[in-house]
Amino acid sequence: MRLCEGRVAIVTGAGRGVGRAHAMMLAAHGARVIVNDLGATLQGDGNDPTPAAAVVDLIRKNGGDAVANGDDVSNWEGARRLVAHAVDTYGGLDVLVNNAGILRDRFLTNMTEDEWDAVVKVHLKGTFAPMRHAIDHWRARHKLTGEPVNARIINTTSISGLFGNPSQANYGAAKAGVAALTIIAARELGRLGVTCNAISPFAMTRMTEGLGQITPEQRRLGDPANNSPVVAWLASTDSQDITGRIFRIGSGFVSVMEGWENGPRFDPIDDAAALGAVIRTHIAKARKNTGPKGTPLD
Ligand SMILES: NC(=O)c1ccc[n+]([C@@H]2O[C@H](COP(=O)([O-])OP(=O)(O)OC[C@H]3O[C@@H](n4cnc5c(N)ncnc54)[C@H](O)[C@@H]3O)[C@@H](O)[C@H]2O)c1
């Protein structure tokens, strides 16, 4: 069964890795796809139209419909052009998959301003800017028809942001921001008929290839395409009732993430010197923060 017949979808960073797999699967489900990719290095330098063009060729070879777009999603005008590309080519936009990303890992003791700015810009502004321009399109459509637009935003976060990964303060902070942005957008956009969810993917790509020796089983579990069925379903009209959720796609499982919630509470205390004992008592009663695997630290 084809889930996205006739829908128009943008996938950012779709020239390789996880985004490429999303674009291929959306096209296989009948979506017309804007394959966006700047063609940057892992660190975000340079540009190259070849990866996006190759994905478009492959989709067309498989009988699908796609066009390439080389705009930088973290550039305001670039993001505007990207959304306009979808509207001009296919007459509208139904699905925005924000996936583009870069890495500049460094421990905080040595992280430079450039390393911080570049990573936060691509992940956080590179999610916000396409969203903002897509929302303009959907708001105009909603105004015209008075009907819910049945549109989708699917963002990409990471366990680095959800659980906290040392050496990735820039990346993790941006990805935690993407998770918050997803929840806020879901609350704001429901009235237009736009849902906003996020995935936290897992895949063997150039982003993760430095993780050491990989067994055939790990390679199978790390196939980027394992992340795409959830995206294809979220992109479909069937998912209208699901919004503001984050799906962690792990190594052989999918988990619905649960967010921050109030823990043990106490009445305000004016005397700061008395707080130590009270805070320790309540911390002892609180659930622990999650560790790198997503379960509470021992
Ligand atoms: N691979 C994983 O296990 C994993 C885990 C958690 C999160 N993620 C996230 O998944 C997404 C995809 O990661 P991947 O592993 O496929 O990486 P990747 O490096 O293989 O692909 C990312 C793509 O984004 C493109 N890109 C970078 N900056 C861009 C920009 N400004 N505008 C347009 N395109 C740009 C790159 O050219 C590249 O093709 C990223 O957001 C990443 O943070 C990946």
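Counting convention: from 1, in listed order, for ligands and their atoms alike.
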Which residue and heavy atom of the protein sit nearest atom 7 (C) of ligand 1, plus the separation: Y171 OH, 3.2 Å

Nearest protein heavy atom with distance in Å, relative to atom 31 (N) of ligand 1: D72 OD1, 2.8 Å

Regarding atom 22 (C) of ligand 1: of the candidates P130, G101, G17, which has the closest heavy atom? G101

Check D136 with R139, please: is the shortest side-chain N to carboxylate O separation under 4.0 Å? yes

Tell me: protein heavy atom nearest atom 36 (C) of ligand 1, and distance? D37 OD1, 3.4 Å

For V122, take its heavy atoms, then give the atoms of ligand 1 lying under 4.0 Å from any of them. 28 (N)

Considering non-hydrogen atoms of the protein only, which is the closest contact for atom 5 (C) of ligand 1, and what is the distance? P201 O, 3.1 Å

For N155 and T182, test the side chains for any donor-to-acceptor distance below 3.5 angstrom and give the result as yes or no. yes

With the side chain counted from C-beta on, respond yes when F247 and I242 share a heavy-atom pair under 4.5 Å apart, and no when they do not. yes

Of the backbone atoms (N, CA, C, O) and the side-chain heavy atoms from C-beta on, which set of N99 has a member under 4.0 Å from an atom of ligand 1: side chain, backbone, both, or neither? both

Tell me the protein heavy atom at minimum distance from atom 19 (O) of ligand 1, and give that distance in Å. R206 NE, 2.8 Å

Which residues pass the salt bridge (charged side-chain N to carboxylate O under 4.0 Å, His left out) test with R141, sequence neighbours left out? D94

Determine, stepwise, if the pair M207 / V18 fulfils side-chain contact (heavy atoms from CB on, under 4.5 Å). CA-CA 10 Å; M207 230 181 227; V18 176; over 6 Å; no

Quick one about D114 and T112 (side-chain donor to acceptor, distance below 3.5 Å, no hydrogens or angles considered), yes or no? no

Nearest non-hydrogen contact to atom 26 (N) of ligand 1 from the set A100, G44, S74 belongs to A100

Atom 34 (N) of ligand 1: nearest protein contact (heavy atom, Å): L38 N, 3.2 Å

Does even one non-hydrogen atom of R20 get within less than 4.0 Å of ligand 1? no

Passing candidate, side-chain contact (heavy atoms from CB on, under 4.5 Å) with T156, options T127, N99, T12: N99

Ligand 1 versus H123: contacting region, heavy-atom distance under 4.0 Å: side chain

Select the closest option to atom 32 (N) of ligand 1 among T12, D45, V73, judged by heavy-atom distance. V73

Name the closest protein heavy atom to atom 3 (O) of ligand 1, giving the residue it belongs to and the distance to 0.1 Å. A203 N, 2.9 Å

Looking at ligand 1, does any of its N/O atoms fall within less than 3.5 Å of an N/O of G15? no

Can N289 and R287 be counted as having a side-chain donor-acceptor contact under 3.5 angstrom? no

Could you tell me whether T205 approaches ligand 1 through its side chain, its backbone, both or neither, with non-hydrogen atoms closer than 4.0 Å? side chain

Any donor-acceptor pair under 3.5 Å from N226 side chain to R220 backbone: yes

Do any nitrogen or oxygen atoms of M207 lie less than 3.5 angstrom from nitrogen or oxygen atoms of ligand 1? no

Based purely on interatomic distance, does S158 place a nitrogen or oxygen under 3.5 Å from a nitrogen or oxygen of ligand 1? no

Parallel, tilted or perpendicular: which one describes the rings of H123 and Y171, with boundaries at 30° and 60°? perpendicular

Residue pair S160 / K175, side-chain heavy-atom distance below 4.5 Å: no

Is P51 near ligand 1, meaning one of its heavy atoms is under 4.0 Å from it? no

So, does H29 use its side chain to make a donor-acceptor pair with the main chain of M25 at under 3.5 Å? no

Nearest to atom 38 (C) of ligand 1, what protein heavy atom do you find, and at what distance? R16 NH1, 3.3 Å

Per-atom contacts of ligand 1 with T157, taking only distances under 4.0 Å to non-hydrogen atoms: 7 (C)

With a 4.0 Å cut-off on heavy atoms, is S200 touching ligand 1? no

Is D71 close enough to touch ligand 1? Criterion: a residue heavy atom under 4.0 Å from a ligand atom. yes

